[in-house]
Protein chains: 2
Amino acid sequence: MKEKDTQKIFTEYLAKQNLRMTSQRELILKTLCRQKKHVTAEQLYEQLKKTDKSIGHATVYRTLKLLTEAGIARELNFGEGSIRYEPDTDNTHHDHLVCVQCGENVEFFDEDIEKLQQAVAEKYGYELMDHSMNLYGTCSKCRGKAD
Amino acid sequence: MKEKDTQKIFTEYLAKQNLRMTSQRELILKTLCRQKKHVTAEQLYEQLKKTDKSIGHATVYRTLKLLTEAGIARELNFGEGSIRYEPDTDNTHHDHLVCVQCGENVEFFDEDIEKLQQAVAEKYGYELMDHSMNLYGTCSKCRGKAD
DNA sequence: TTATATGCAAATTATTTGCAGCGCA
DNA sequence: TGCGCTGCAAATAATTTGCATATAA
């Protein structure tokens with residue numbers, strides 16, 4: 001599967017809504033795509049500040065919402081009280097396996113689970129549109145340590 | 001599977017932590033168990049007010065946390081910005097299939113999915129402790145309506 | 001008696017909104 | 001030259017915390 005040209009997709013998405021690409025939106029997209037870990041809006045804001053001292057919270061929140069609508073970012077809710085974001089650059093949907101101790105997490109995709117989810121939805125007459133699945137446990141590294 | 005004697009379980013849990021059963025905690029537990037739908041802390045608070053006008057927000061939040069720790073309540077996060085709670089009265093774990101339009105939801109349990117989740121965790125060296133899985137779609141009733 | 005629990009209000013945290021001014025199409 | 005965009009600050013919303021008082025064991 002090819003990597004998306006996120007910049008182009010975003011610009012086209014914006015155009016369709018009569019919205020514009022701006023330098024801030026461009027920077028936020030680039031910065032999000034560069035992340036190695038899932039970030040909160042606040043964490044992203046802190047990083048963006050280093051490049052653009054004048055950027056505001058509101059712009060970050062508003063842009064993350066737009067990126068999500070455009071299918072370029074995904075919201076992750078690990079029950080921490082704030083939403084984390086990950087770039088969705090290669091159209092590869094995946095779920096998360098999170099260590100409850102150190103927070104380290106693995107992205108995985110299980111086709112059998114996806115099929116069963118589809119089957120469950122159909123069984124109850126629902127048309128499945130999306131899902132969120134997070135597995136919580138302890139990673140081997142954390143289990144190695146004394147409690 | 002037997003229904004839990006939640007009152008007893010809670011009292012024992014509290015005792016173990018050197019905490020006490022009180023009339024407020026008892027009322028909150030009873031009221032939660034009576035719910036037909038998943039409630040937010042605020043919704044529960046509103047209902048509790050009718051029985052005990054002097055009850056405070058803090059007590060409700062604090063007690064819901066205790067009930068969750070005691071394994072009597074479960075937190076549900078449907079990405080709405082607030083946490084919903086359901087009583088976990090019969091030890092039957094289940095997941096949720098939620099209609100994104102009307103909010104109606106179905107509780108389901110799929111043993112095959114559970115097994116596969118376990119397998120995924122093992123594959124990555126994690127010891128699975130918990131998971132959250134929510135399927136989002138449109139129910140047949142909502143699809144019947146014109147958009 | 002004495003540690004724990006409660007209600008209240010203030011504090012926090014995450015996020016959203018209103019608005020005046022700025023800047024691209 | 002207008003309409004969307006931005007930063008700021010104030011507004012919300014959900015939840016937590018500090019504290020004086022009340023209460024269970």
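These figures come from a predicted structure and were not determined experimentally.
Distance, Y45(B) OH to dA14(D) P: 14 Å, rounded to whole Å. What separates NZ of K49(B) from C1' of dG7(C) is a distance of 9 Å, to the nearest Å. Rounded to whole Å, the distance from NE2 on H57(B) to C1' on dA13(D) is 11 Å. Atom pair I55(A):CD1 and dC5(D):P shows a separation of 14 Å (rounding to whole Å applied). Atom CD1 in I83(A) sits roughly 16 Å away from atom P in dA13(D) (whole-Å rounding). Taking atom CD on Q43(A) and atom C1' on dT15(C), their separation rounds to 15 Å, with Å as the unit. Separating the CD atom of Q17(A) from the P atom of dC3(D) is a distance of 18 Å, rounded to the nearest angstrom. Atom CD in E75(A) sits roughly 12 Å away from atom C1' in dT15(C) (whole-Å rounding).
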(message) salt bridge (Lys or Arg N to Asp or Glu O under 4.0 Å) for K50(B) and E46(B)? Distances and angles first, verdict last.
(response) CA-CA 7 Å; K50(B) 292 177 193 161; E46(B) 288 303 332; over 6 Å; no
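Contact annotation: Y61(A) side-chain N/O to dT16(C) OP1/OP2 distance is not under 4.0 Å. The phosphate of dG7(C) has OP1 or OP2 within less than 4.0 Å of a side-chain N or O from Q24(B). R25(B) has a side-chain polar atom (N or O) that falls below the 4.0 Å cut-off from OP1 or OP2 of dT6(C). Note on K65(A): every side-chain N or O is 4.0 Å or more away from OP1 and OP2 of dT15(C). Dashed line: the shortest gap from a side-chain N or O of K53(B) to OP1 or OP2 of dG7(C) is not under 4.0 Å. Residue T22(A) places at least one side-chain N or O closer than 4.0 Å to OP1 or OP2 of dT6(D).
The neighbour count for E111(A) CD, taken as heavy atoms of other residues, nucleotides or ligands under 6.0 Å away, does not exceed 12. Annotation for K30(B): atom NZ does not count as buried by contact number, only 12 or fewer foreign heavy atoms lying within 6.0 Å.
The residue among D52(B) and N18(B) whose nearest nucleotide of DNA chain C is located toward the 5' end is N18(B). In terms of position along DNA chain D, the nucleotide closest to M21(A) lies nearer the 5' end than the nucleotide closest to the other residue of the pair M21(A) and A58(B).
Distance from the side chain of A41(B) is smallest for dT15(D) among the nucleotides dT15(D), dT23(D), dC5(D). Closest to the side chain of L19(B), out of dT4(C), dA14(C), dC19(C), is dT4(C). Relative to the side chain of S82(A), the nucleotides dA14(C), dT6(D), dG7(C) differ in distance, and dA14(C) lies closest. Considering only side-chain atoms of R20(A), the nucleotide from dT15(D), dG18(D), dG4(D) that sits closest is dG4(D).
In this pair, H94(B) and H96(B) present their aromatic rings perpendicular. The plane angle is above 60°, beyond the 30 to 60° band.
In the hydrophobic clustering of ILVMFWY residues, with side-chain heavy atoms under 4.5 Å counting as a link, Y124(A) and L76(B) come out apart.
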